[in-house]
Amino acid sequence: MSGQSLPPSGSKLQIEHDGQELHVTFIKEDSGYGVFKLASGYNVRFPLADVKIIKIYDISQDHRKTMKEETNIGRGAHRISLLSTGGTISSRVDYTTGAVRPTKDLSFIREAISDLEDRINLRTEIIDSILSENMTPSHWIKISHDIKKAMESSEAVVLLHGTDTMSYTASALSFMFEKQTAPVIMTGSQRSSDRPSSDAFENIESSIRFSLENIGEVGICMHANSSDGSAILIRGVRARKMHTSRRDAFKPMGDGEIGRITDRRTFIKNIRKKTDSSIELFDQLDKRCGIFYFTPASTEEELENFSRGKKAVVIMATGLGHVAEALLKKIRDLSDSGIHIVITSQCLNGRVDLDVYASGRNLSASGAIPVEDMLPETAMVKSMYVLKKDPDNFAKLMQSDMRGEITLRSDTVEIR
Amino acid sequence: MSGQSLPPSGSKLQIEHDGQELHVTFIKEDSGYGVFKLASGYNVRFPLADVKIIKIYDISQDHRKTMKEETNIGRGAHRISLLSTGGTISSRVDYTTGAVRPTKDLSFIREAISDLEDRINLRTEIIDSILSENMTPSHWIKISHDIKKAMESSEAVVLLHGTDTMSYTASALSFMFEKQTAPVIMTGSQRSSDRPSSDAFENIESSIRFSLENIGEVGICMHANSSDGSAILIRGVRARKMHTSRRDAFKPMGDGEIGRITDRRTFIKNIRKKTDSSIELFDQLDKRCGIFYFTPASTEEELENFSRGKKAVVIMATGLGHVAEALLKKIRDLSDSGIHIVITSQCLNGRVDLDVYASGRNLSASGAIPVEDMLPETAMVKSMYVLKKDPDNFAKLMQSDMRGEITLRSDTVEIR
Amino acid sequence: MNKDLVIGLEVHLQLNTGKLFCRCPVSGTDQITGQISRRLKPTSGESGLVDRAAIYEEERSRAFDYVLTDNTCLVEIDEEPPRPMNPHALSAALKIAATLKCSILEDIECMRKIVIDGSNTSGFQRTSLIAMNGSLDTERGKVRISSVCLEEDSARKIAEEDHMVKYSLGRLGIPLVEITTEPDIKSADHAIEVARLIGLSAMITGLITKDSDSIRQDVNLSMGYGRVEIKGISRLSQIKEAIESEVSRQQSIARASEIIKKRGGFNRSYLEFIDVSDLFEGTGSILVKKGLSEGKRIFAACLENMNETLKQDDVRMGQEIADIARAFSVGGVLHSDELPGYGIDDSTVKTISKKTGRGVNDGILLVITTKRTADILSREIASRITKLIKLDLQETRFFSDKGRTAYLRPLPGAERMYPETDVKPFHVTNEDLKEAIDFGKLSAEERIDKISKDYGISRQDANTIVTNMRLPIFLALGEFIPFRSASRLILQKIPEVERKMGKSIEDEKIIWLVQSIVKHGLDVTSVEAGFEILSSGAEMKSIPESGEIVPLSQNELRDLIGDIKKNNPGIRQGSLMNEIRKKTRRPFDPRTVISIADL
Amino acid sequence: MNKDLVIGLEVHLQLNTGKLFCRCPVSGTDQITGQISRRLKPTSGESGLVDRAAIYEEERSRAFDYVLTDNTCLVEIDEEPPRPMNPHALSAALKIAATLKCSILEDIECMRKIVIDGSNTSGFQRTSLIAMNGSLDTERGKVRISSVCLEEDSARKIAEEDHMVKYSLGRLGIPLVEITTEPDIKSADHAIEVARLIGLSAMITGLITKDSDSIRQDVNLSMGYGRVEIKGISRLSQIKEAIESEVSRQQSIARASEIIKKRGGFNRSYLEFIDVSDLFEGTGSILVKKGLSEGKRIFAACLENMNETLKQDDVRMGQEIADIARAFSVGGVLHSDELPGYGIDDSTVKTISKKTGRGVNDGILLVITTKRTADILSREIASRITKLIKLDLQETRFFSDKGRTAYLRPLPGAERMYPETDVKPFHVTNEDLKEAIDFGKLSAEERIDKISKDYGISRQDANTIVTNMRLPIFLALGEFIPFRSASRLILQKIPEVERKMGKSIEDEKIIWLVQSIVKHGLDVTSVEAGFEILSSGAEMKSIPESGEIVPLSQNELRDLIGDIKKNNPGIRQGSLMNEIRKKTRRPFDPRTVISIADL
């Protein structure tokens, strides 16, 4: 096929390769290779140079369906908005090219929620189509506007999101929505929705069930364990992806569990309720924040380099919130120069406490701000919010609970 | 007492304060305050300016005991070396000043192991006296020499260490000891040994029990759960402190559990055995490594600043090992300039896999080195080792299992 | 009573402000959320009998089990450092201290008091001295207050077996204010007065829990033989009982001491226990049989010069010996003053006497236990007897449910106190200080007078409200209804309703119901009607919306009265009211009835 | 047999190289390590009967339970992406392909084949085409090989109930080589030969598991009515049975079709089911009673023109209907050709006939199920009958343990195959390619000849070693003992010992024992003695150190023989050997005996 122009993907061809004639469907070109589908369904890959087209039977028209980006499902009373930002949950394999990518086809949702069609009137909307590792604070602000708009016309908002940074977005939305008139239930999936075993179906169904409750906060709904059949709702500021690939990757750190669905029965607890008053959205974030991971190899220079251009640095310190004494002077200097140094722990579970050891007291004296049992990622997102909201009271606000990100009682449950 | 010179700590005085006369023991001066112990045992704190010494009964002599830094416990056959580096486990409150600090008094160990006195002959030695947040790679090298020396004259080495960075040290020792003729069991405590409820006693007892087994690797022995009575042994390269304060903070990530003690019965599994041949210690580490914590706020600039002066940067990426596309070019540049970019996941559990999504494949193509299910901290320590051991084969060695830091089978146990 | 008798009190009061070093609530639902087990190591600095007992317990691998309840967190299970001291608890304690005219310490340092009986998971109790040198005016003169401390309550023991003690952690960490008097108390009756007044000074803050053991008194007592601290007195009336029984005990020991000394004294540093189990083959003694079946042995020892001092008239050294054995969990103790008896015949006693080389003045002790424990008891009992005969009686005792005091442990000394390094010393804020001092300007009694006057209720009612810990709800209800009505509701209506329902109504629910009814524009008659309906089983939520709490209108009353009068011509005022009540549960204004009825 | 009969084979062979997409071992201890449950959603691209069944199952909330075993990891439970393809499995598959003279694909792309019966946790099977266009020389001529694929084995079904199917995951992911022939096979006997030769071509690699279902054949068969794929044939002998029963079935359908068409055909798109449960009150039919007691109903429908085609001589359309009902988990199916019967009397049949408007040519179908399922079956059965009468017989069937084939699902089509995006397409390395091609230079038969020649064993022994999957251990033992001895050990001694022990000995243990004995400087006689001792219950570890495997020395033999001869003067050679064996279990060299005995 070298020298020949390639037919459109999906065209039926007769080709010759290695002395054999084959009837195939042309799939795609992939760095010098031609990918062809045999009648048996198997794909074969031949160097294009070795392939000769004998005949083109049927030139494929591009029949990729143009999906509506908005659609309505269900005939029930509850108006729910489902917004999709992309991620695995709305990714499908392109059966022609074999690539998995965010799609604009949300038709699988209809199947997922067939049990609920009598109760809900679901309006779906594609607001973005990206994998979540590419989310930035600017995206969060845009999403917050979309949610606000959706919230104004519906009782609940379900947000589809990639799982990689879902908890960051959940934290950001938690802080930005100072008052919300509807729940924001975020969900994603660890297996894409084109797979029979995808967790997308149950995650969406469960999210919609949660969205029917009187919840006035941002939660993440995912599988509660590896089996199908139960879901967990986690407070946005206390969720963390704790496994790279399992369905039950999202864990409530500390007392972050605010709901559970078992056998289609919904339980919620310790939830903030919706407000009756109007939505209050604070849509500014200072991006000049980051997370510094302290290790025994950390030096003053490393910390200084990292802090360049930042307004707040969240240190993931060791244990109760300790860093090497060798860094204390640098922390004091940075702090004096106006960069807030926030202390969290790389242990992830439990509370930082700079009062137990002399080293902690010294760190505290250097101007570092310990933030109780707040997750490091939440602390970074909160810093972004507080830096715009009330920079003069940065330390005080960081150390006060605003959205459940700090809990003063440490649950006695097992470590996650 | 202003203007008066302060008597030694422990002196008995009669003082006047606020019109009251009091018989007290002088404890210490603390930023302008005098701390005095009443006959009832309570301490009171008065501004020194408000206190008048009426009489000094008894000027205290400094009676702090000079403890031997080496001692022998037990009359058994098994020669075990116990080396202390400091940390909470060897910290005690100074009953006079009230400060908790590493002590050179290991006499509590005798109580901890009274059950084992018939079997062991334990030689204790203080090799350092620091809190583990102050450990650096240089300390690891020094410790490795001390261990080697101890190993040459005993069947097992127990190493007391602060918990904050214990898993880093364990990783370092795991790599540095290429062959070991004796187990190295590290232990620490979450409650200092001066407390009746300290976990130090059981942790030391359990460590010594483990040290009697045929183990040829570095393990961390700590409480298996919040109750007393059972201990877990975790492979050094797979241990992580997962709680700031609980006794059972150390968890085996992945299949890192290599032993357990329940009701004083020892079980071990999947262990590497001691070698009969001589000890092989590789005592060089390249300190120019660090952990970069990727977040949605991360920028090319942040990564570049952090990487300055480094030879290897371990990125804690999201999910399966993804970072924002916006960083790919920078990663390629850094990689091209000779800085190794190692990919781990901030999920901590599970495996990175850059083959599932296009974003991962692009990252892989940018020269990043995904390291399976290796812990980020272990990856950093291993980088230090490999950079000295065989820098030309950096990627290959990082992606191969050397000490159990990479497991090719992912256990189906719950997420920790 | 003895003329040398010197009495002091320690009063402990639980605060309802939330726990002291974590943010758990004081009361929970007792729902069990988990269980852990722990061991405590006696720390090497310790000394004394309790420590010996603790080492002994350690040797027996005695474990403590802890039941977690829904008002516990990681702090109670010693898995997280304490939080800073609860400011509400501190403020309450300062007010109490000020009411007792104490000097408040402006800088507070938290201490650890080592306690290894398992009642604290940490192995110590956190306690802070917050004030000193106060005084209380009593009918029998001024009593000095030595100190006011703020400490954490211990865990509640819920089960005890041979190798295990189980505690519930719900109570651990509740703030306790400990008020200690100087030994200025003159008599048991005086002690009761002092305890009552101290209690009142605390209750007047409205911040004492309503729990059954919210107030506990310890008595310090000395009649010249050393200080004895008697713990576990929860009711005022027991104070007298405890003092009198302890005085009688000490007098008895003094007599025994005199007798024994006269005979030449007790000069052993250990008892020579002989294993006499063989003598009990086929014994009729149930106690002995049980012991043998559990694998224990019977040990006998001669008690030098102690014959007829063990249990003879009011000389009861046997009890003292049994107490010490009990500290080592040994219950099987018999002595010659009660033998023959317990199924042991005279000939056996004689044989034992011979075997132990008992002289004419000597007593015999039988102990049913293991060899190992017997070895320990041998020294412990000898040392105990020696101490008692020297009339060194100082120790901590407890007031048992048998109406007598019993041995608990040695007196704690100053060496058991160390700084709590996890809690930073702190300065009392000027606001707290000022608030406390202002509060302390009136004594408790004066403050009750003021309540009576300010809210227009009788002094007795004011006093009852305070001592029943009803002050907070009284003040809360006063926001919605007149204080007099609030008082009546709290002291009469609600207790009545609670009796009918057979359970108490939570304060928050009472406030909610009152507030909800008043919000509907209804008054206290409707409120009382509402509680009446509640007692008949109605769901609380439905009551504010219920028509049955709406008072009868003039027209409705007129119709009703018309009907009644038709059937009962010439009915009298009282009967008319009753007839109306029979016909409707709705409230009405009696004055309107009178004006309409035109009787 | 029918002259138009066309047969092809698919042979599946499990590789013992470790699992295909994870690093789990192929065999485990079957120890259960956990259980999960899942649901699979049919993906929207799917169509056909199985999908309808799947949707139906979904509606019934049918869940799949999976038992985890110790040879599973996160990959088997679909919780981790697959690892790269196991290179050892690929290498083995390539060798097999080369032996079958296939062209190896140099670039391999892994596909997902959608399977939603729960046998794959992911909902698909991973499969890769690795070679095409091979050929096999058989006694009846050349048979073309279409393709060699490398795929993962499915989970093993261990239980099935109404709402649940349970699988064990131990087998999931074991590499399967799938070899597909063109339909060049001429007869059932020929099919057996082809299957045997294909099996041999795989077994000669020494990399096929010894598991009971390590080799499974599917037969593709057509006699002009569409292709039928028959699955589940594990033994070679069943191939013939399956082909013959399917041929007879198709002939029977052809006859039924002819009869029905002659009568006017079957022209319904659904069956009109009538609820006739009322007729069965107090019925004697156990089947019906059971159904009613489970809350099911009895539905009857007329089967147009199908009288006496349901089960009459060799016309058995009733079986076809029952098969389709079974796909919807309905077991209670009866038809007029078997009625009266099953406890249903003639009058009931008549009443039903009347109610359903049965004509003279019509049959009757009774189904015991729920209304909902009956609604679904109504269309499914009608569509099935229509298809059969059109003689469109193509579908997937399975060979049941009743010796006949039964309906399984529609034939899978190309539309069920999508790329496995989690596994990168990859290039076969030159080394692998070369190794495979070298290996393929000899056919399996030639290679067996070579083994026989190279190792000095008989051709039959060589063949047995290969077909019993003993090649790897044969080669391994050859490192320590002569190959002929290894062959004897494997084919005779060890099977004998295993029979005695009643269990098989793992290969690793055999190798360990042989190696350990040889290490002690002992030879194969000692090895055999070692296995003998093992069979008498000795612990394996102790055997290499045991004196009992040390051959008798010349002196020892001399003494023994002397003794024996003394008692048995004139003993003969054979008896002498037996006498020695009676006196000792230790091995000895018979030649030495002969030379010593001097007989």
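Letters A, B, ... mirror the listed sequences (proteins, then strands); counts begin at 1. Keep in mind the model is a prediction, meaning the values are calculated, not measured.
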Could you tell me whether a side-chain N or O of [X] sits under 3.5 Å from a main-chain N or O of [Y], the two making a donor and an acceptor?
X	Y	result
A:Ser227	D:Ile36	no
A:Lys37	D:Met417	yes
A:Asp228	D:Arg39	yes

_Heavy atoms of other groups near D:Ile158 CD1, more than 12 under 6.0 Å_ = yes

*asked:* Could you check whether atom CG of A:Asp118 has more than 12 heavy atoms from other residues, nucleotides or ligands sitting under 6.0 Å from it?
replied: yes

Side chain, backbone, both or neither: which part of [X] has a heavy atom under 4.5 Å from chain A?
X	answer
D:Cys110	neither
D:Leu74	side chain
D:Leu105	side chain
D:Asp78	both
D:Thr121	backbone

*Pick whichever of D:Ser122, D:Ser128, D:Gly123 has the most heavy-atom pairs under 4.5 Å with chain A.*
D:Ser122

_Basic-acidic side-chain contact under 4.0 Å: A:Arg195, D:Asp422_ = yes

*Please determine if D:Glu106 and A:Arg45 form a salt bridge, counting it only when a charged side-chain N lies under 4.0 Å from a carboxylate O.*
no

*Which bit of A:Arg191 is near chain D, if near means a heavy-atom gap under 4.5 Å: side chain, backbone, both or neither?*
side chain

*Could you tell me which portion of A:His243 (side chain, backbone, both or neither) has an atom closer than 4.5 angstrom to a non-hydrogen atom of chain D?*
side chain

*Are A:Val44 and D:Glu109 side-chain neighbours, meaning at least one heavy-atom pair lies under 4.5 Å?*
no

*Taking the side chain as C-beta and beyond, is there a heavy-atom pair between D:Asp107 and A:Tyr33 under 4.5 Å?*
yes

*Run the side chain to side chain donor-acceptor pair (under 3.5 Å) check on A:Tyr42 and D:Ser147 step by step: do they pass?*
CA-CA 11 Å; A:Tyr42 283 96; D:Ser147 64; over 6 Å; no

_CZ-CG distance between D:Phe124 and A:Asp194, expressed to the nearest 0.5 angstrom_ = 8.0 Å

*Taking atom CG of A:Asp199 and atom CZ of D:Arg38, what is their separation to the nearest 0.5 Å?*
8.5 Å

*Do you know which of A:Ser245, A:Ser226, A:Ser197 makes side chain to side chain donor-acceptor pair (under 3.5 Å) with D:Glu79?*
A:Ser226

